[in-house]
Amino acid sequence: MDGVFDLGGKQGFGPVDRAHEDEPYHSEADARAYALSVAARGERAYPIDWFRHTRENMVPTDYLTRPYFDQWLQTTLAMAIDAGDISLDEVISGKADALSRTPDPMRADDVRKALKTPVNFEREATSAPAFAVGDTVRTDHQGKPGHSRLPAYARGATGTVHAHRGAHLLPDAGAQGAHVPEHLYTVGFAARDLFPEVETNDTIYLDLWESYFVRR
Amino acid sequence: MDGVFDLGGKQGFGPVDRAHEDEPYHSEADARAYALSVAARGERAYPIDWFRHTRENMVPTDYLTRPYFDQWLQTTLAMAIDAGDISLDEVISGKADALSRTPDPMRADDVRKALKTPVNFEREATSAPAFAVGDTVRTDHQGKPGHSRLPAYARGATGTVHAHRGAHLLPDAGAQGAHVPEHLYTVGFAARDLFPEVETNDTIYLDLWESYFVRR
Amino acid sequence: MEPSYDSAKVAEIHRHLHSHLPSEPALRVKALESLLVEKGLVDPAALDAWIEAYTEEIGPKRGAMVVARAWTDPDFKARLLADAGAAVDEMGFAGQASGHLQAVENTDAVHNLVVCTLCSCYPFAILGMAPPWYKANEYRARAVRDPRGVLAEFGVALEPEIAVRVWDSTAELRYMVVPQRPAGTEGFSVEALAALVTRNAMIGTDRDLAAGGA
Amino acid sequence: MEPSYDSAKVAEIHRHLHSHLPSEPALRVKALESLLVEKGLVDPAALDAWIEAYTEEIGPKRGAMVVARAWTDPDFKARLLADAGAAVDEMGFAGQASGHLQAVENTDAVHNLVVCTLCSCYPFAILGMAPPWYKANEYRARAVRDPRGVLAEFGVALEPEIAVRVWDSTAELRYMVVPQRPAGTEGFSVEALAALVTRNAMIGTDRDLAAGGA
């Protein structure tokens, strides 16, 4: 999917604003929005890739202007409405339909457990890796129709495999509810091969799945 | 330049809103913003490409949210400040410095003349055209550092020359104050070669300058 | 004075304007009008001339006259399709953005749609002010990627066999669509025919014109 | 119930939410909290647990402890650079987004900078909540294209000979930078060293740590 969320390399943005950088939350509303978003997502069937893709489908100007956790909260809400866990009417009216209470939210103990439990996205490979460290690879010149993780700035670009990370769940499939392991590589691109005005020898590293490359 | 203004093919945008479609201006403010913008630009040294590029350099969220002619007006103002025709202090304070009045604005007669006078951007070619009608051409996979007219959705793409339009002023140079004629072609691209989900046989035509293509 | 041609400089000016100008468009334009007039950068009479031109004189009726003449005068149609800028000049309609006009013709097998994805280029001299939707993010983003979806929203249901040609005007070339003459209009005068031609048909978001008028 | 996995459907839901929810963030979150609690989708005690975890327990002090240990324990450093997820687990810091952690080391010749251009992926378990600038459009847009310009805004003036490596975390791999140990800290305790490590140094927007503390 191509959209305004794909911000890497986009020009016209001004200085970085460092306000509130030393507080975990920059406002009480920010903290509540974060907590609501993660508590409502909890153990439910809202996979991370579907969460990211649902956020990508937000009204573009909302994506670029609304506070970060406010966007998370709206995204969680959109997923809950989509899955039928709450209705749009309930959200608009602000009144829960008493006949349809959701029985089993995440509890404080579940939170404490989640906070100590890293999620593992590596899976057993179902094929041999097509590329090895040191190989030259070229990315596809276009994006994918749905959720995907090849930023526009690195399309049609040539880089070098820096590391093979084993097979990881492909986000493109995850955003469609499927679990598909695919080889994941960290690829280094010369910055001057990505951006026409660059004159340094700097390198940009991206973690990219095998299907994002053109077979040579 | 890569920026939010390059909207072609970006996803996540909703239905087209047809409000006010049958009125020349959708509000009095809209009409005044238009007129102020073109009247202040007038005969002055604000070339069209510099105008477009100055608009592209607007705060990205302003670009996506502010009314169209309001953007023109802000762009004209930014060009006037840049050229020293008015100062930022004057704009912020709302008070003109009496000592620096600009003597010669566009008059109503100039407007009536401009409204009957098409501008010609064709110039004598300084080289033979590299491509002919029917040729297969491939566009550069990246944009240019400054103002340019190869949209992101058509980069690294292969198309067919539909027409050679002669040599026209290159916008990339125009936005830097230079007048450089370059061969201009209308190129047809199969929609399915531009966007991964397309299944139709539709064609997208773009007017592209010779330097936007990779020599094969 | 001369522009700097410095992107970073104008970007910074824009950030200042973003912070300091009134956010509300009507307040903003009012404040700037007073200032620009006081400064001598604009003449109030010129403002009125610009607004009136596109309110009273220049508008899609011009394009409709061009189309109606093309329907009734095969020689003119040939000239229009070969060099639309010269053809509209012939009719006295030369003006803003008509210098490199291209006319593209709908047929039973082809539908044309015009957009400008990089800004909002439009043939002002023959169609007047562009409708707000033409300048909107939604149309600019979607017309090239999902032209049939956009057309459906405008009530144009295209059969799959009809090829869509989208013209994204990235140069100073501007495009107008010559729609098909509706059946049942044999013997209509040029004026009566022109009354059937909608502005949207000349952009391509309308297709089947009605003999009874739009 | 199950997600539809239908992009167009969630996009339409977002448009409804855009139109119907209060625009002001504080009002919006208040309205939604009441509703989600009433509906039984969230437990108020779980909300408090989430907020407190990142206020009290989890934060950049964890990452600083990891860095300080790496400075003083060569075996740990080797394990950290080989498998940072396992190394932080060893210290009891495994948690959100630490499963595929990668540690990248600054040297005299190399400076590392971390960004996520597609969303805002961040190693929560060892750095806590990401600072607002890390999630902002400006940083996401500019860190890959103009890393030296961004670093200069953070007060890091890099000589041209120092190579910049930007890590754009597009997968579930998360990155932390291991900054260089400052001179003059020989004999410092691990705790004293950890107090010198800034959060920004572990993202890469800080480079030269001071022996006297940040």
Side-chain angles (χ1 to χ4, degrees), chain A residues 7-10 13 15-18 20-21 24 26 29 31-33 35-36 38-40 45 50 52 54 57-59 62 64 67-68 70 74 78 81-84 86 88 92 94 96 101-102 105-108 111 115-116 118-121 149 151 176-177 184 195 202-207, chain D residues 1-5 7 9-11 13-18 20 25-26 29 31 33 35-36 38-43 45-47 49-51 53-55 94-95 98-99 117-119 128-129 131-133 135 137-142 144-145 153 163-168 170-173:
Chain A
L7 281 163
K10 296 298 184 293
F13 288 95
V16 174
D17 178 359
R18 294 174 64 180
H20 302 284
E21 74 167 342
H26 75 270
R32 311 291 312 165
L36 278 169
V38 285
W50 176 237
R52 292 205 182 108
T54 301
N57 276 291
M58 152 173 292
V59 172
D62 281 354
L64 293 177
Y68 183 71
D70 178 281
Q74 182 173 312
I81 294 168
D82 171 68
I86 191 167
L88 188 59
I92 292 174
R101 290 192 85 245
T102 317
M106 187 176 216
R107 305 295 177 189
V111 175
L115 286 165
K116 290 184 195 304
V119 182
N120 192 315
F121 296 89
R149 304 291 286 184
Q176 298 179 298
L184 176 68
F195 304 114
D202 298 337
T203 310
I204 316 295
Y205 293 88
L206 284 159
D207 302 317
Chain D
M1 283 187 267
E2 281 297 300
S4 69
Y5 300 112
S7 313
K9 186 180 168 203
V10 288
I13 292 170
H14 274 304
R15 289 194 293 274
H16 285 297
L17 296 176
H18 171 90
H20 292 292
V29 74
E33 180 168 344
L35 178 66
L36 293 170
E38 188 191 346
K39 182 72 182 174
L41 277 162
V42 298
D43 174 352
L47 293 181
W50 279 116
I51 294 173
Y54 284 100
T55 314
S98 79
T117 64
L118 289 175
C119 37
M129 283 289 152
W133 56 257
K135 301 172 273 194
N137 302 335
E138 287 76 11
Y139 184 74
R140 289 170 55 191
R142 295 178 52 215
V144 288
R145 189 156 196 154
E153 287 175 26
V164 174
R165 295 184 183 166
V166 180
W167 303 85
D168 184 0
T170 42
E172 292 300 334
L173 272 52

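Residue numbering restarts at 1 for every chain, and letters A, B, ... go by the order of the sequence lines.
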Quick one: are A/I86 and D/L41 in side-chain contact, heavy atoms under 4.5 Å?
-> yes

Any idea how A/Y205 and D/W167 line up, ring-wise: parallel (<30°), tilted (30 to 60°), or perpendicular (>60°)?
-> parallel

Sort A/P15 into side chain, backbone, both or neither according to what part of it lies under 4.5 angstrom from a heavy atom of chain D.
-> both

Chi angles and distances behind the side chain to side chain contact (heavy atoms under 4.5 Å, CB included) call for A/D17, D/E138 = CA-CA 8 Å; A/D17 178 359; D/E138 287 76 11; over 6 Å; no

Under 3.5 Å, side chain of A/N57 to main-chain N/O of D/A11, donor-acceptor pair present?
-> no

With a cut-off of 6.0 Å (strictly less than), are more than 12 heavy atoms of other residues, nucleotides or ligands near NZ of A/K116?
-> no

Provide the closest heavy-atom pair for A/P24 versus D/Y54 in the form atom of the first, atom of the second, distance.
-> CB-O, 3.5 Å

Taking all atoms of both residues into account, what is the closest heavy-atom pair of D/P3 and A/A83, and its distance?
-> N-CB, 4.1 Å

Salt bridge flag under 4.0 Å for residues D/K135 and A/E21 | no

A/A96 versus D/L35, closest heavy-atom pair with distance = N-CD1, 3.5 Å

Side chain proximity check, A/M106 to D/V42, heavy atoms < 4.5 angstrom | no

Does any heavy atom of chain A fall under 4.5 Å from the side chain of D/L36, the backbone, both, or neither of them?
-> side chain

Rounded distance (nearest 0.5 Å) linking atom CZ of D/R145 with atom CG of A/L7 = 13.0 Å

At their closest point, which heavy atom of A/F13 faces which heavy atom of D/A141, and how far apart are they?
-> CD1-CB, 3.5 Å

Structural part of D/A31 lying under 4.5 Å from a heavy atom of chain A = neither

For chain A, find which of D/P131, D/G128, D/A49 contributes the most heavy-atom pairs closer than 4.5 angstrom.
-> D/A49

Mind listing the closest non-hydrogen atom pair of A/A35 and D/I51 along with its distance?
-> CB-CG1, 3.5 Å

In terms of heavy-atom pairs under 4.5 Å with chain D, which of A/L184, A/N120, A/V111 leads?
-> A/V111

Pick from A/M58, A/H20, A/K10: which one has the most heavy-atom pairs with chain D under 4.5 Å?
-> A/M58

Name the region of A/V59, side chain, backbone, both or neither, that has any atom closer than 4.5 Å to a heavy atom of chain D.
-> both

Dump the intermediate steps for side chain to side chain contact (heavy atoms under 4.5 Å, CB included) on D/C119 and A/R149, then the final yes or no.
-> CA-CA 10 Å; D/C119 37; A/R149 304 291 286 184; 3.3 Å; yes

Side chain, backbone, both or neither: which part of A/F121 has an atom under 4.5 Å from a heavy atom of chain D?
-> both

Most heavy-atom pairs under 4.5 angstrom with chain D, which of A/D62, A/I92, A/D70, A/D82?
-> A/D82

At what distance, to the nearest 0.5 angstrom, does OH of A/Y68 lie from CE of D/M129?
-> 9.0 Å

Where does A/R52 contact chain D at under 4.5 Å (heavy atoms): side chain, backbone, both or neither?
-> side chain

In terms of heavy-atom pairs under 4.5 Å with chain A, which of D/S7, D/A45, D/S98 leads?
-> D/S7

Please report the C-alpha distance between D/V166 and A/T203 in whole Å, then the side-chain angles of each, then the deciding distance to 0.1 Å, and finally whether the side chain to side chain contact (heavy atoms under 4.5 Å, CB included) criterion is met.
-> CA-CA 6 Å; D/V166 180; A/T203 310; over 6 Å; no

Pick from A/L206, A/T54, A/V119, A/D207: which one has the most heavy-atom pairs with chain D under 4.5 Å?
-> A/D207

With only heavy atoms counted, which part of A/L88 is less than 4.5 Å from chain D, the side chain, the backbone, both or neither?
-> side chain

Counting only heavy atoms not in A/Q176, do more than 12 sit closer than 6.0 Å to its CD atom?
-> no

Interchain contact, A/L115 with chain D, by part (heavy-atom threshold 4.5 Å) = both

Check whether D/H14 gets within reach of chain A through its side chain, its backbone, both or neither, counting any heavy atom under 4.5 Å.
-> both

Per-residue tally against chain A (heavy atom, under 4.5 Å) across D/A53, D/A163, D/G99, D/A94 peaks at D/A94

Any side-chain heavy atom of D/L47 sitting closer than 4.5 Å to one from A/R32?
-> yes

What residue, out of D/T55, D/V164, D/L173, D/L17, has the most heavy-atom pairs lying under 4.5 Å from chain A?
-> D/V164

List the atom of D/A26, the atom of A/A29, and the distance in Å for their closest heavy-atom pair.
-> CA-CB, 3.8 Å

